[in-house]
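First comes the structure, then the notes that go with it.
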Amino acid sequence: MQKYITKTPDGTRDLLFEECELHSRVKSRLSDLFQSRGYYEVVTPGLEYYDLFSLPGAAFSQTEMIKVTEQGGRLLVLRPDSTMPIARLVSTRLKDAPLPLRLHYAQKVYRVSPGLKGRSNEITQSGVELIGAEGRLYDLETILTAAKALEACGMTDYKIELGHAGIFGALAADLPVDEEEKEEIRLLIESKSYSALEDLLDGLPESDAAAAIRMLPRLFGGREVLEQAAGIFGGRAADELAYLRELLACLEPALGDRINLDLGLVHRNHYYTGVVFRGYLPGSGDTVVSGGRYDRLFDAFGSRRPAVGFAVDDDAITAILLAEREKQRKPRRKILFAAAGYEMKALARLEELTAAGDVCEVLPFGGKQESLHIARERNAAEIELVGELTEIIRLV
């Protein structure tokens with residue numbers, strides 16, 4: 001037998017039954033929300049040319065992408081992101097469309113997670129791209145739409161954290177490091193790897209900029225973070241901090257304590273240019289919403305189109321909904337095992353129990369130990385062995 005015919009590739013898995021149902025529900029609710037806000041759906045190919053993701057600002061390393069070769073020898077990748085293909089689409093087929101242009105999608109992306117670390121290489125995302133839209137109005141609209149996306153899926157206990165891509169750039173500009181070292185520092189801040197960040201900065205000359213970078217992963221919380229940061233940054237990133245203060249003042253009345261600040265949000269810093277944000281849910285260890293402003297991405301396509309958007313991790317929300325359903329579900333109360341000749345007695349008992357609201361099924365009796373094994377496999381709370389006499393055995 002061939003080795004891999006019964007396996008799925010690393011980082012992928014099959015979906016069954018209820019998970020498929022909930023997955024479809026999440027996508028449907030998000031699609032309905034986005035359409036109600038004027039977004040039009042687009043679908044891009046699962047395969048794209050590698051060149052698209054090697055453009056300046058794409059911010060994907062070779063090791064993150066799954067690559068294949070087409071018949072002519074050109075290098076392809078399985079789409080690791082939806083924003084770059086949509087930028088390509090807008091710059092070609094939609095280049096004359098009136099702005100701002102609102103687009104939404106629901107499709108899979110493929111990224112290699114080193115060692116997986118419990119993550120999937122295949123992720124379903126629903127998201128929006130608001131293209132040709134500049135200014136505070138559109139940033140606020142996008143952040144609030146992200147909050148409403150979580151609420152549309154039944155998630156009310158969420159947190160959205162705001163940051164600004166310009167903060168890291170303003171601080172790192174004064175560090176005596178090259179671009180490669182700057183990216184290493186960014187990754188350590190993003191992952192909040194305090195000790196590794198300290199070790200790296202210890203190798204640099206002491207400076208106000210290095211001291212500010214050391215503190216960046218710790219600057220999260222309410223509006224008090226802005227005052228704390230202003231003192232630490234020594235005048236750097238003043239415009240970015242002022243803009244976050246404006247956004248927070250606008251969003252707090254609508255979102256209350258569900259909106260917060262995290263000045264250590266520095267994800268994909270060559271990609272994002274302004275406000276960045278992430279959404280989190282209890283019960284999920286990963287980011288459930290990720291987005292921000294990317295005003296320079298279209299430069300690579302020969303046009304200036306400011307843009308902002310976000311993506312929702314459909315898989316993460318589905319997993320939470322599935323876990324909640326499992327908690328609420330009644331256990332399978334009984335299995336009735338009918339001995340030969342007592343089938344009608346067992347079926348009569350089935351009618352009696354189901355009429356009382358119990359969940360039951362009838363199976364043929366093949367011995368007590370086998371019946372107990374089957375019952376445990378099916379998570380039964382109780383079994384009845386129906387014969388001349390009926391024996392009831394409780395399992396939980």
Side-chain angles (χ1 to χ4, degrees), residues 4-35 41-47 64 66 78-82 104-128 145-159 278-291 310-335 359-361 363 374-381 395-396:
Y4 295 105
I5 66 171
T6 60
K7 299 180 179 180
T8 63
D10 288 346
T12 68
R13 63 190 182 87
D14 300 312
L15 303 184
L16 297 175
F17 314 142
E18 286 182 290
E19 193 167 7
C20 291
E21 172 210 331
L22 291 171
H23 215 285
S24 296
R25 183 187 302 177
V26 168
K27 288 195 291 184
S28 177
R29 289 184 176 179
L30 291 174
S31 178
D32 288 347
L33 172 72
F34 298 152
Q35 289 182 37
E41 185 174 11
V42 294
V43 177
T44 64
L47 284 170
E64 287 180 275
I66 300 172
L78 288 175
R79 172 183 58 220
D81 165 82
S82 290
H104 81 94
Y105 59 86
Q107 54 192 28
K108 292 183 183 295
V109 296
Y110 301 86
R111 300 173 188 166
V112 178
S113 299
L116 294 184
K117 298 179 181 177
R119 297 178 180 177
S120 176
N121 287 343
E122 182 183 50
I123 307 159
T124 304
Q125 292 183 337
S126 294
V128 302
T145 300
K148 290 300 179 184
L150 295 175
E151 292 176 17
C153 297
M155 307 287 112
T156 56
D157 187 16
Y158 60 85
K159 294 287 185 184
R278 286 181 173 174
Y280 302 93
L281 291 169
S284 178
D286 290 326
T287 303
V288 179
V289 173
S290 182
F310 67 85
V312 178
D313 187 335
D314 294 14
D315 299 336
I317 292 180
T318 299
I320 291 171
L321 292 173
L322 192 64
E324 289 176 353
R325 183 177 285 190
E326 288 293 334
K327 288 179 184 177
Q328 296 168 2
R329 179 184 287 119
K330 281 186 175 181
R332 183 170 294 282
R333 292 288 303 280
K334 300 178 188 294
I335 300 178
V359 178
C360 301
E361 63 177 309
L363 296 173
I374 292 171
R376 291 189 179 101
E377 279 190 332
R378 295 182 178 226
N379 196 31
L395 302 177
V396 294

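Note: hydrogens, waters and symmetry copies are ignored here, and every other heavy atom, side chains too, is used.
Take Arg79 and apply the side-chain hydrogen bond (donor to acceptor under 3.5 Å, both in side chains) test, not counting sequence neighbours, and it matches Thr44. For Arg278, the side-chain hydrogen bond (donor to acceptor under 3.5 Å, both in side chains) partners two or more places apart in sequence, or in a different chain, are Glu190. Scanning for side-chain hydrogen bond (donor to acceptor under 3.5 Å, both in side chains) contacts around Ser284 gives an empty result, with sequence neighbours left out. Here Ala319 pairs with nothing under the side chain to side chain contact (heavy atoms under 4.5 Å, CB included) rule; sequence neighbours left out. For Ser126, the side-chain hydrogen bond (donor to acceptor under 3.5 Å, both in side chains) partners two or more places apart in sequence, or in a different chain, are Asp314.
Arg111 places no side-chain N or O within donor-acceptor distance of the main-chain N or O of Glu64, the cut-off being under 3.5 Å. Judged purely by atom type and a 3.5 angstrom limit, Ser120 uses its side chain to pair as donor or acceptor with the backbone of Gly11. Counting only distance, with no hydrogens or angles, the side chain of Asn121 and the backbone of Thr12 share no donor-acceptor pair below 3.5 Å.
One finds the CZ atom of Arg378 at 5.0 Å from the CG atom of Leu363 (value rounded to the nearest 0.5 Å). Interatomic distance, OG1 of Thr124 versus NE2 of His23, reported as 4.0 Å (0.5 Å rounding). To the nearest 0.5 Å, atom CD1 of residue Ile320 and atom CG of residue Leu150 are 9.0 Å apart.
Side-chain contact between Leu33 and Arg29: absent, with no pair of heavy atoms (C-beta onward) separated by less than 4.5 Å. Contact of the Asp81 side chain with the Gln125 side chain is not registered, since no non-hydrogen atoms from C-beta on lie closer than 4.5 Å.
Shortest non-hydrogen contact noted between Tyr158 and Ala147 is OH-CB, 3.5 Å. Between Ala106 and Glu41, the closest heavy-atom pair is N-OE2, 4.5 Å. The heavy-atom pair separating Ala375 from Ile335 by the smallest distance is CA-CD1, 3.9 Å. The two residues Ala311 and Tyr105 come nearest to each other via the heavy atoms CB-OH, 3.4 Å. The minimum heavy-atom distance between Leu321 and Cys153, with the atom names listed, is CD2-O, 3.8 Å. The shortest heavy-atom contact between Asp315 and Glu122 is OD2-O, 3.7 Å.
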(message) Run Val312 and Met155 through side chain to side chain contact (heavy atoms under 4.5 Å, CB included) and show every step you take.
(response) CA-CA 12 Å; Val312 178; Met155 307 287 112; over 6 Å; no

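None of Thr287, Asp157, Ile317, Val289 except one satisfies the side-chain contact (heavy atoms from CB on, under 4.5 Å) rule with Leu281; the exception is Ile317.
Residues in residues 11-23 take part in these salt bridge (charged side-chain N to carboxylate O under 4.0 Å, His left out) pairs, two or more places apart or across chains: Arg13-Glu19, Glu18-Arg325, Glu18-Arg329, Glu21-Arg25, Glu21-Arg325.
The neighbour count for Lys148 NZ, taken as heavy atoms of other residues, nucleotides or ligands under 6.0 Å away, does not exceed 12.
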